[in-house]
Enquirer: 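One structure follows; several queries about it will come next.
In this chain, numbering begins with 1 at the start of the sequence shown. Owing to the predicted nature of the structure, the values given are computational and were not obtained by experimental measurement.
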Amino acid sequence: MKAIRTFTVRPVLADSLAALDRLASNWRWSWSRSTHALFCSMDPELWEVVGQNPARMLGALGQSRLDALADDPTFVERVGEEDGRLQAYLAGDRWYQHLDGAKPRAIAYFSPEFGVDGSLPQYSGGLGILAGDHLKSASDLGVPLIGVGLFYRAGYFRQAIGDDGWQREDYPSLDPYGLGLTLLRGSDGAPVEIALDLFGGRRLSARVWVAQIGRIPLLLLDSETPSNSEELRRVTDRLYGGGGEHRLLQELLLGVGGVRAVRAWSTLTGTDAPDVFHTNEGHAGFQGLERMSELITRDRLDFDSALAQVRASTVFTTHTPVPAGIDRFPRSLIEATLVGGLFAGLDPVRALELGLEAYPGGDPNTFNMAVLGLHLGQHANGVSKLHGRLSREMFGHLWPSVDADEVPITSITNGVHAPTWVHPELKELSERAFGDALTTNHDWRDRERVDDAAIWQTRRRMKAGLVAEARRRLAAAEESAVAAPWIDDALDPDILTIGFARRVPTYKRLTLMLRDPERLTRILTDPQRPVQIVVAGKSHPADDSGKVLIQQLVRFSQDPRVRGRIVFLPDYDIGLAKHLYPGCDVWLNNPLRPLEACGTSGMKAALNGALNLSILDGWWDEWFDGRNGWAIPSADTAANDDERDDAEAAALYDLIENRLVPAYYDRAGDPPTGWLEMVRHTMTDLGAKATSDRMVRDYVTELYMPAARHDAELARDDHAPARDLAAFIARVRHAWTDVRVDSVDVDGATQHAKTGETLTVTARVRLGDLTPEDVTAELIHGHADSDGRLDRTRHVSELSPQAVSPDGLVTFMGSLRLTQTGPFGYTVRIVPRHAQLISPVELGLVALPG
């Protein structure tokens, strides 16, 4: 008989153990080795049963065991010491507090998923893991972040693989109290409820769960509340569950409800209200409309002034390199939402325009959340340099007449939280060699500090841990009562091990390795130099094409010839990942270039000393240097997908057979010195930059601080600068059709020019109703290709206004000193000028000659 509801009964802790509650309710334990060890020591077997979650541990341990521990002076002393470390961590100044310059008081960070720990399954893949790592590094650095997300009662699904290789999904029921979350309550002790008035006269309410991530509060909105109808209680049932209106309700709750939850949190706790809002992907885009509504109703701003103020303080990060990866809704559904009274004071017609695909090639009946995010966020970025370039091209239609490389979308390359992802064995080696457990900023190439044998033995123990975990999971996945005999011999810590694990959409090409099954079989079963491959990954429940790929991989792995040399481990999650990344010698990634925005799994492997074998996509395109792994050539000129897959699979096999295998098994020096030279370089070089600490520092200095500065500047004097900027934008947009460059003249030789010569450039421009103070006349010059196009190395200088003729022509003039040889070109363009524009082409208004 199944209970209609389950919950956790917490024990009564003796005063001497009261700190255990604080330690269990702060998720710093998920990356603190000493806190983790403290809870494990209470009952190691039970610790595994409860998923290594301290709150669950306290609920499952039993009162008698806790009473016994309370009488154990050694344990009580450990609890006190650990509590002292936590309090010092929470209270002390860190990097952010010592940062010079004006800084945000607080940053609200919105994400549809957060991967903090495997026992809190509120993530599906890389986006959520990145968000969790962002919070952890913000905590370590002292950045005043407030995380905002949704609490999914069933989280993401648990995966099982049937005998036929087909993925099956199971959705657990999560008890937030049992996970160590606390309910946000008002001063009267009642739960705080956030309410949204929806179209159709419905009212969506949500309670707010708080997960304390070190110094960072993570606010998770939950629609499972008696205030809701049965239908609306299911809004936050599953991560990425449902579609259409259900998905829209989730995103309204995240964006609009998230802002309201942050306001309630700041009021109740007395903490600073955020002056910067960061949306991690477009799902939370409605937060900008909610904040505009606040400014219109509270501060009496008009639509354009409120838009200017919100844009100044908003950071938008896009994570997808393909239009298909963006959330899009029917225009009619958004229209109903906007006229339903949810956004007080907001003009529904103009608000709708902020997200419509009203551009050539777009669908004017579609509301695009990335378009909304870019219109509401003055500060935008992709998640690797390559992805930044792709984003500028993909969204370039929002900035007509602007070259793709000037579209105002920058890039900050993702990183991973080293204390979470570096294996304990490697942390211990780091402590012995360098004096602390951090693996960043250490020179692992120094053989005086750590010799080859120490690295090799440590990595072998990490591989042995993966082998043990793989066998345990394979045995647990068996549908018969007795595990198959082959499982006891599956994998071997002395064999070259390649890992591959990720979500399974088709573009990540899980089965590229199966393109030539006979060749792969020979590689795996070579009697002298064998290879083994460990694979994991989940397909979205609605993605049957991804499930077919998993089925093909599983069926291949069941072939008796290769069984145990290639294994598929079900239910890929953070727990498995912590075994998988450190336990592999090589991390494989073979997406269709350029569809991997970043792909941080290879970073986690690299921090543990694994080498990467990857298509030059995402972060690998940026940081591959020939000494930290191998690049799989991309067959970009292939005639079709099959030809491309054949060519890239053949290149993959060639690299494994001719590069990886010889390097790994070259035991002229034992352990293999050549291989370990690459490992040392990888841990030193990538260890210094592939971290979320570096990433968060970049966000702070490159995006958060400028956003806070712009927000403060526009808010001065009752938002007078915001009103001024809005009026300027309206005036310039209205007048721009009359702006044109009539002529450009050059005084000086151009056909036989020599370096060192100076040219005088004169441009005559019609500005219509604008004045010279409203614009900048730019002289753009540099190397020109055979088509006369100026490349990305071009230079920009400003021409000065000289005079206005009776017929309204404005003369701009400047000089150009020739300093480079070869094909050279120049042009003049006119762009709007305002101190609060972060880019001269931000408005997409450009006037060129002709």
Enquirer: Does Glu245 pair with Arg202 as a salt bridge, N-O distance under 4.0 Å?
Expert: yes
Enquirer: Around atom CZ of Arg694, are there more than 12 heavy atoms from other residues, nucleotides or ligands closer than 6.0 Å?
Expert: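 Yes, CZ of Arg694 has more than 12 neighbouring heavy atoms, counting only those of other groups under 6.0 Å.
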Enquirer: Would you please name every residue forming a side chain to side chain donor-acceptor pair (under 3.5 Å) with Glu353, sequence neighbours left out?
Expert: none
Enquirer: Quick one: do the Asp302 and Ser305 side chains pair a donor with an acceptor below 3.5 Å?
Expert: yes
Enquirer: Under the side chain to side chain donor-acceptor pair (under 3.5 Å) rule, collect the residues that match up with Arg238, sequence neighbours excluded.
Expert: none
Enquirer: Just wondering, more than 12 heavy atoms not from Lys385 lying within 6.0 Å of its NZ?
Expert: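 Check fails, neighbour count at 12 or below.
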Enquirer: Within the 3.5 Å criterion, strictly below it, is a donor on Tyr240 or Glu113 matched to an acceptor on the partner's side chain?
Expert: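 A donor-acceptor contact under 3.5 Å links the two side chains.
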Enquirer: Please report the interatomic distance OG(Ser205) to CD(Glu224), rounded to the nearest 0.5 Å.
Expert: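 Rounded to the nearest 0.5 Å, the OG-CD separation comes to 12.5 Å.
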Enquirer: When rounded to the nearest 0.5 angstrom, what is the spacing between CH2 in Trp620 and CD1 in Ile615?
Expert: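 CD1 of Ile615 is found 12.0 Å from CH2 of Trp620.
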Enquirer: Only pairs at least two apart or in different chains count here, so list each salt bridge (Lys or Arg N to Asp or Glu O under 4.0 Å) that has a residue in residues 207-221.
Expert: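 Sorted result for residues 207-221: Glu193-Arg207.
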Enquirer: Show the numbers, then the answer: is there a side chain to side chain contact (heavy atoms under 4.5 Å, CB included) between Asn228 and Val235?
Expert: CA-CA 10 Å; Asn228 283 331; Val235 166; over 6 Å; no
Enquirer: Between Asp222 and Arg153 (salt bridge meaning N to carboxylate O under 4.0 Å), is one present in this structure?
Expert: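 So Asp222 pairs with Arg153 through a salt bridge.
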Enquirer: For Tyr699 and His278, take the angle between the two ring planes, folded into 0 to 90°, and tell me which bin it lands in: parallel under 30, tilted 30 to 60, perpendicular over 60.
Expert: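 Ring orientation of Tyr699 relative to His278: tilted.
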Enquirer: Show me the pairs that pass salt bridge (Lys or Arg N to Asp or Glu O under 4.0 Å) and involve residues 272-283, at least two apart or across chains.
Expert: Arg105-Asp275
Enquirer: Taking only Lys NZ, Arg NE, NH1 and NH2, and the carboxylate oxygens of Asp or Glu, determine whether Asp133 and Lys604 approach each other closer than 4.0 Å.
Expert: no
Enquirer: Could you state the interatomic distance from CG (Asn368) to CG (Leu354), rounded to the nearest 0.5 Å?
Expert: 12.5 Å
Enquirer: Has Asp641 got more than 12 heavy atoms of other residues, nucleotides or ligands less than 6.0 Å from its CG?
Expert: no
Enquirer: To the nearest 0.5 Å, what is the distance between NE2 on His379 and OG1 on Thr410?
Expert: 12.0 Å
Enquirer: Regarding Arg389 and Glu393, does a basic nitrogen lie under 4.0 Å from an acidic carboxylate oxygen?
Expert: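 Looking at Arg389 and Glu393, the cut-off is not met.
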Enquirer: Checking Asp363 now: which residues fulfil side chain to side chain donor-acceptor pair (under 3.5 Å) with it, not counting sequence neighbours?
Expert: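 By the side chain to side chain donor-acceptor pair (under 3.5 Å) rule, Asp363 matches Thr366.
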Enquirer: Please check if any side-chain donor atom of His417 sits under 3.5 Å from a side-chain acceptor atom of Asp140, or the reverse.
Expert: yes
Enquirer: Does any donor atom in the side chain of Thr317 or Asn381 lie under 3.5 Å from an acceptor atom in the other side chain?
Expert: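 Yes, because at least one side-chain N or O of Thr317 sits under 3.5 Å from a partner of the opposite role on Asn381.
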Enquirer: Considering the options Val210, Ile146, Ile213, which one meets the side chain to side chain contact (heavy atoms under 4.5 Å, CB included) requirement together with Leu218?
Expert: Ile213
Enquirer: Looking only at side chains, do Gln287 and Thr279 share a donor and an acceptor under 3.5 Å apart?
Expert: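 No, because no side-chain N or O of Gln287 sits under 3.5 Å from a partner of the opposite role on Thr279.
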Enquirer: Can you list every salt bridge (Lys or Arg N to Asp or Glu O under 4.0 Å) pair that touches residues 305-315, not counting sequence neighbours?
Expert: Arg311-Glu842
Enquirer: Rounded to the nearest 0.5 Å, what separates atom CH2 in Trp399 from atom NE2 in His397?
Expert: 8.5 Å
Enquirer: For the side chain to side chain contact (heavy atoms under 4.5 Å, CB included) test, which of Thr318, Val383, Val407 pairs with Ser391?
Expert: Thr318
Enquirer: Please report the C-alpha distance between Ser839 and Glu406 in whole Å, then the side-chain angles of each, then the deciding distance to 0.1 Å, and finally whether the side-chain hydrogen bond (donor to acceptor under 3.5 Å, both in side chains) criterion is met.
Expert: CA-CA 9 Å; Ser839 164; Glu406 282 195 286; over 6 Å; no
Enquirer: Please report the interatomic distance CG(Leu120) to CZ(Phe114), rounded to the nearest 0.5 Å.
Expert: 10.5 Å
